Amino acid sequence: MGQAGIMRLATWNVNSVKARLPRLLDWLSGTAPDVVCLQETKCPDGAFPVAEVGALGYTVASHSDGRWNGVAILSRVGLADVTVGFPGEPGFPEPEARAISATCGGLRVWSVYVPNGRAPDDPHYAYKLAWLAALRDALDTELTNPTPLAVCGDFNVAPTDDDVWDPALFVNSTHVTPPERAALAALRDLGLVDVVPTPMKGPHPFTYWDYRAGMFHQNKGMRIDLVYASAPLARAVRSAYVDREARKGKGPSDHAPVVVDADLIPTIESF
DNA sequence: ATGACGCCTAACAGGCGA
């Protein structure tokens, strides 16, 4: 772990683990998280670079459907009770690789990649809302377990207008509509707490910037990568930040990692 | 903004992302 008694948890939409592998390995070495949730791995399970991350001390649980989507959890504090998907998970039409969970060092961790939704009049939008509603029901069940819980990932919803660089441009767009925000509120109504990270630069803790038109350099971003913490975890959170350094330079993901430090003593399960 | 960038693939053009 990063420091004695501190659990370092992170979530990162890497936009292809294969394309991002050199940067991922550098980032793991420099940041030293205990547990990492990845999204958009876009990597068949058999092709996941388990040896490369294993050399840095991480065990891998991944869930993929091939070309699109893909989620994974990396842990160096144990990886037990891995579950792929969740009961009642909607599909389009079949369930996609959008959720994986595991118990890591005494923390229950979910890595989720919420459907994009595309546009409010697109069938993918109804799919997105159905998926979030089913996630809420699955987490309601999960929360009957007293183990501290972190639901991390790319939620593809900006919780408030402060979480988009120009709300006026998002009228009639996905990611900001009242039903999407209500779906996030329903997760918080379960007792989950939005762990808002420190931006490190500027007033908004954005986590995503489009590749095009110099959006990152103008800080025209969105906060859509979230960590939702159960009460026992939320009480233990000491700090959180967006690692915007990881968005810089040549060949970045279009998302930056969110890093959370919590005052939890990792309990090592069997590997 | 019609655009842009970058990922993927029974690829060399089209789907997808947000």
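Naming: A, B, ... by sequence-line order, numbering from 1 per chain. Note that the coordinates shown come from a computational prediction; the quantities given were computed from them, not determined experimentally.
Only the P atoms considered, B:dC5 is 26 Å distant from B:dA10, to the nearest whole Å. Here the separation of B:dA4 from B:dT9, taken at their C1' atoms, is 23 Å to the nearest Å. Nucleotides B:dA18 and B:dC7 place their C1' atoms 14 Å apart, quoted to the nearest Å. Taking the C1' atom of each, B:dG6 and B:dA11 are spaced 15 Å apart, rounded to whole Å. Separation of the P atoms belonging to B:dA1 and B:dG14 is 26 Å when rounded to the nearest angstrom.
By the side-chain hydrogen bond (donor to acceptor under 3.5 Å, both in side chains) test, A:Asp210 pairs with A:Tyr208, A:Arg212, sequence neighbours left out.
In terms of heavy-atom proximity, A:Pro197 sits nearest to A:Val242 at CG-CG2, 3.5 Å.
Per the geometry, CH2 belonging to A:Trp209 stands 17 Å off P belonging to B:dC7, to the nearest Å. Regarding A:Asp65, its CG atom lies at a distance of 12 Å from the P atom of B:dT9, rounded to whole Å.
Atom NZ of residue A:Lys42 and atom OG of residue A:Ser64 lie 11.5 Å apart, to the nearest 0.5 angstrom.
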Requested in this report: Kindly indicate, with the supporting measurements, whether the criterion side-chain hydrogen bond (donor to acceptor under 3.5 Å, both in side chains) is fulfilled by A:Ser111 and A:Gln39.
Outcome: CA-CA 7 Å; A:Ser111 177; A:Gln39 300 85 35; 3.1 Å; yes

Report summary line: Quick tally for nucleotides 11-18 of chain B: nucleotides whose base has a protein heavy atom under 4.0 Å get B, sugar-phosphate-only ones S, the rest -, giving ---BBSBB

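Side-chain atoms of A:Thr207 and A:Asp225 include a donor-acceptor pair closer than 3.5 Å.
Proximity of the aromatic rings of A:Trp12 and A:Trp27 is defined here by a centroid distance below 6.0 angstrom, and this criterion is met. Between A:Trp68 and A:Phe92, the gap from one ring centroid to the other reaches at least 6.0 Å. Taking the six-membered ring where the residue is Trp, the centroids of A:Phe155 and A:Tyr228 are separated by under 6.0 Å.
For the contact set between residues 18-29 of chain A and DNA chain B, defined by any heavy atom under 4.0 Å, the members are A:Ala19, A:Arg20.
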